[in-house]
Amino acid sequence: MKTKKEITGMLGILVSVPGMEDTVKLNLSLKRKQVMLLSNVIREGLKTDQGMVGDLLAVLAPESSNELLRLSEELDERAGLSDLQQKVIQFGEQ
């Protein structure tokens, strides 16, 4: 079993290899329910500091989290789900 320090070190190496900062254009066709799920997975994943997601976020620059949050919001907007997602978030906070 690898230690947290070893895993974090490996993830740090992986995200620093040449080309990882390159912009990649993706053309995806997703169902709205998939967009909603992906958007929520991103938001919930950013809240955790546990597991591989937490380890990966620990080695990335803080602005990477902000970029992922913006991506989640952009996905919602493009799928026409912004209002619905806001209502879901508000409902979850009650």
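As a basis for the values below, the full set of heavy atoms in this structure was taken, side chains included, without hydrogen atoms, waters or symmetry mates.
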Hphob cluster co-occupancy, Ile89 + Leu38, side-chain heavy atoms under 4.5 angstrom: no

Minimum-distance pair of heavy atoms, taken over all atoms of Leu14 and Val17: O-CG2, 3.3 Å

Shared hydrophobic cluster for Met20 and Leu26 (ILVMFWY, side-chain gaps under 4.5 Å): no

Pairs meeting criterion salt bridge (Lys or Arg N to Asp or Glu O under 4.0 Å) with involvement of residues 68-85, two or more places apart: Arg43-Asp76, Glu74-Arg78

Hydrophobic cluster identity match, Val41 and Val88, side-chain contacts under 4.5 Å: no

Heavy atoms of other groups near Glu21 CD, more than 12 under 6.0 Å: no

Hydrophobic cluster identity match, Leu37 and Leu81, side-chain contacts under 4.5 Å: no

Rounded distance (nearest 0.5 Å) linking atom OG of Ser72 with atom CD of Glu44: 10.0 Å

Closest non-hydrogen atom pair, Met36 against Leu84: CE-CD2, 4.0 Å

Distance in Å, Leu68 CG paired with Leu60 CG, rounded so as to fall on 0.5 Å steps: 8.0 Å

Distance in Å, Ile42 CD1 paired with Leu71 CG, rounded so as to fall on 0.5 Å steps: 4.5 Å

Approximate separation, where rounding is to 0.5 Å, of Ser64 OG and Glu67 CD: 5.0 Å

For the student: nearest non-hydrogen atoms of Ser65 and Leu46, plus distance: O-CD1, 3.6 Å

